Amino acid sequence: MELKQEMAGNLLKTSSLSVRTKLLHQMGVSLYNTSHGYHEEEVKKKLQQFPGGSIELQKEDSGIGILTLNNPSKMNAFSGVMMLQLLEKVIELENWTEGKGVIVRGAKNTFCSGSDLNAVKALGTPEDGMALCMFMQNTLTRFMRLPLISVALIQGWALGGGAELTTACDFRLMTAESEIRFVHKEMGIIPGWGGATRLVEIIGSRQALKVLSGALKLDSKKALSIGMAEEVLQSTGETECLGEAQQWLTQYIRGPPEVIRALKRCVSSGKELCLEEALQTEKDLLGTVWGGPANKEAIARKGKFKK
């Protein structure tokens, strides 16, 4: 009897782990489906009713994508249509095999002030809130799992959902006058796009609890001190800030796309999977680059690696 229970437990564990591995490494796999009461097409129809602004994606020859939230009249708040467009751009990035990095920014020196209140008011039932939550968690989790090194370029305010969006990026760069603030408590809610969960991973549970329950204003100095931001940029102008962010990111994406992408996947596995699954994934990823062009070229240089 004990042996059967042990076998059943191992089977359950293996099944659970394989599902998590598939979620992490099969791009396009959704966190939620109809078994969770999630009907994506219905959510999309609702979001389509709230136009305004746009999400723009520019793919540079350098392998850096620039994702811009463009709704400046509302401090780049997410309209329903922008939420739909964000998913479209994430899918485009999933299919960009030459990509190595992505910078997320807002137009006109502001990052993002969260959700457009027109949509929030109209989607006022708990059912609507849950559906929106699952849609945005899906989108931002797919973004987070991209094999691209991602940077949030924060100018001006990153509030509410905008603050949550910054946590889906690997790194955050801030201008001296910028501010991140999770204002959810003051709106009578909690983060719903995965921001609280990701914030714990970034700054730890104690700091995250302070930031969320106090709705603290994280200016660039404070964010830097608690590990929320990597660096405070010297520039202030929109064009100059973007150039500085690109220069910062470039130091981490030098090299062939297949190597950079494998490294990002490896780190994502280490963050999300248990030890055994992460090690197996690292092995599999090594198999995609060992003996490859970059590896052979490096060996041909007699191991004289240069930074």
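Just so it is clear, the model here is predicted, and its values are computed rather than measured. The basis for the numbers below is simple: all heavy atoms, side chains too, and nothing from hydrogens, waters or symmetry mates.
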Exercise. Determine, for K45 against E41, whether the closest basic-nitrogen to carboxylate-oxygen distance falls under 4.0 angstrom.
Key: no
Self-check item: Side-chain heavy-atom pair C169, V151 within 4.5 angstrom cut-off
Solution: no
Quiz item: Which distance, rounded to the nearest 0.5 Å, do you find between the CD of Q234 and the SG of C241?
Solution: 10.0 Å
Exercise. Could you check if a side-chain atom of S115 sits within less than 4.5 angstrom of a side-chain atom of F50, using non-hydrogen atoms only?
Key: no
Quiz item: Just wondering, do E240 and T175 contact through their side chains at under 4.5 Å, heavy atoms?
Solution: no
Exercise. Verify, without hydrogens or angle tests, whether N76 (side chain) and T110 (backbone) share a donor-acceptor contact under 3.5 angstrom.
Key: yes
Quiz item: Quick check: does any side chain N or O of R261 sit under 3.5 Å from a backbone N or O of G99, one acting as donor and the other as acceptor?
Solution: yes
Quiz prompt | Any donor-acceptor N/O pair, T125 side chain to D128 backbone, under 3.5 Å | solution = yes
Quiz item: From D116 CG over to N71 CG, what is the distance, rounded to the nearest 0.5 angstrom?
Solution: 7.0 Å
Quiz item: Any idea which heavy atoms bring S220 and A176 closest together, and the distance?
Solution: OG-O, 2.9 Å
Quiz item: Is the number of heavy atoms from other residues, nucleotides or ligands under 6.0 Å of E282 CD greater than 12?
Solution: no
Quiz item: For the atom pair CG (L242) and CG (L233), what is the distance rounded to the nearest 0.5 Å?
Solution: 10.5 Å
Practice problem: Can you see which heavy atom on F111 is nearest to which on I154, and at what distance? | Solution: CD1-CA, 4.1 Å
Exercise. Could you tell me which non-hydrogen atom of T68 sits nearest to which non-hydrogen atom of A107, and how far apart they are?
Key: CG2-N, 4.0 Å
Exercise. Step through the shown structure and confirm whether more than 12 heavy atoms of other residues, nucleotides or ligands are within 6.0 Å of CD1 on I190.
Key: no
Exercise. Return yes if some donor-acceptor pair links the side-chain N/O of E244 with the main-chain N/O of S235 below 3.5 Å, else return no.
Key: yes
Quiz item: Hey, any chance Y32 and L140 share a hydrophobic cluster, counting ILVMFWY side chains that come within less than 4.5 Å of each other, even indirectly?
Solution: yes
Self-check item: Interatomic spacing from NE2 in H39 to CZ in F135 - rounded to 0.5 Å
Solution: 15.0 Å
Quiz item: Is any side-chain heavy atom of N295 less than 4.5 Å from a side-chain heavy atom of I299?
Solution: yes
Quiz item: If Ile, Leu, Val, Met, Phe, Trp and Tyr residues are connected whenever their side-chain heavy atoms lie under 4.5 Å apart, and connections chain through other members, are F78 and L123 in the same group?
Solution: yes
Quiz item: Should the ring pair Y252 and F171 be called parallel, tilted or perpendicular, given that the plane angle runs from 0 to 90° and is split at 30 and 60?
Solution: parallel
Quiz item: Would the number of heavy atoms belonging to other residues, nucleotides or ligands and lying under 6.0 Å from CD of Q247 be above 12?
Solution: no
Quiz item: Can you tell me if S35 and N33 form a side-chain donor-acceptor pair at under 3.5 Å?
Solution: yes
Quiz item: Within the side chain of S113, is there an N or O that forms a donor-acceptor pair under 3.5 Å with the backbone of M75?
Solution: yes
Self-check item: Neighbour count >12 (heavy atoms, 6.0 Å) for atom CE, M144
Solution: yes
Practice problem: Spell out, as yes or no, whether a donor-acceptor pair under 3.5 Å connects the side chain of E60 to the backbone of I66. | Solution: no
Quiz prompt | Exercise: identify the closest heavy-atom pair between K264 and L148 | solution = NZ-O, 2.7 Å
Quiz item: Can you check whether M136's main-chain N or O pairs, donor with acceptor, with T139's side chain at less than 3.5 Å?
Solution: no
For residues 82-92, which side-chain N or O atoms pair as donor and acceptor with protein atoms under 3.5 Å away, sequence neighbours left out?
| from | atom 1 | to | atom 2 | distance (Å) |
| --- | --- | --- | --- | --- |
| Q85 | OE1 | I55 | N | 2.7 |
| E92 | OE2 | K59 | NZ | 3.1 |

Quiz item: Just wondering, do L212 and P191 contact through their side chains at under 4.5 Å, heavy atoms?
Solution: yes
Self-check item: Note, L47 side chain near L132 side chain (heavy atom, < 4.5 Å)
Solution: yes
Self-check item: Any side-chain heavy-atom pair of I64 and T250 under 4.5 Å
Solution: yes
Quiz item: Could you give the distance from CG (L146) to CZ (R265), rounded to the nearest 0.5 Å?
Solution: 9.0 Å
Exercise. Specify the closest pair of heavy atoms between S62 and I253, including all atoms of both residues, with the distance to one decimal.
Key: O-CD1, 4.1 Å
Self-check item: Evaluation steps, side chain to side chain contact (heavy atoms under 4.5 Å, CB included), between T236 and N109
Solution: CA-CA 8 Å; T236 54; N109 295 306; over 6 Å; no
Quiz item: In terms of hydrophobic clusters joined by side-chain contacts under 4.5 Å, are F143 and L173 together?
Solution: no
Exercise. Please report the C-alpha distance between K210 and Q207 in whole Å, then the side-chain angles of each, then the deciding distance to 0.1 Å, and finally whether the side chain to side chain contact (heavy atoms under 4.5 Å, CB included) criterion is met.
Key: CA-CA 5 Å; K210 289 179 187 177; Q207 287 286 8; 4.0 Å; yes
Quiz prompt | Chi angles and distances behind the side chain to side chain contact (heavy atoms under 4.5 Å, CB included) call for L218, R181 | solution = CA-CA 6 Å; L218 299 179; R181 192 178 180 208; over 6 Å; no
Quiz item: Are side-chain heavy atoms of Q137 and T197 found at a separation under 4.5 Å?
Solution: no
Self-check item: Donor-acceptor contact below 3.5 Å, side chain R172 vs main chain M228
Solution: yes
Exercise. Determine, stepwise, if the pair L263 / V267 fulfils side chain to side chain contact (heavy atoms under 4.5 Å, CB included).
Key: CA-CA 6 Å; L263 283 171; V267 171; 5.7 Å; no
Practice problem: Might you point out which heavy atoms bring A163 and A158 nearest each other, and give the distance in Å? | Solution: CB-O, 3.6 Å
Self-check item: Residues R301, E297; criterion salt bridge (charged side-chain N to carboxylate O under 4.0 Å, His left out); working and verdict
Solution: CA-CA 6 Å; R301 292 198 303 266; E297 186 182 329; 3.4 Å; yes
Self-check item: Side-chain donor or acceptor of K100 paired with backbone N/O of G255 under 3.5 Å
Solution: yes
Quiz item: Same cluster or not: are V183 and W193 linked, directly or through other Ile, Leu, Val, Met, Phe, Trp or Tyr residues, by side-chain heavy atoms under 4.5 angstrom apart?
Solution: no
Quiz prompt | Pairwise distance CD1(I180) to CG(L216) - rounded to 0.5 angstrom | solution = 12.0 Å
Exercise. Using modelled atom types only, decide if a donor and an acceptor are shared between the side chain of R142 and the backbone of S30 within a distance under 3.5 Å.
Key: no
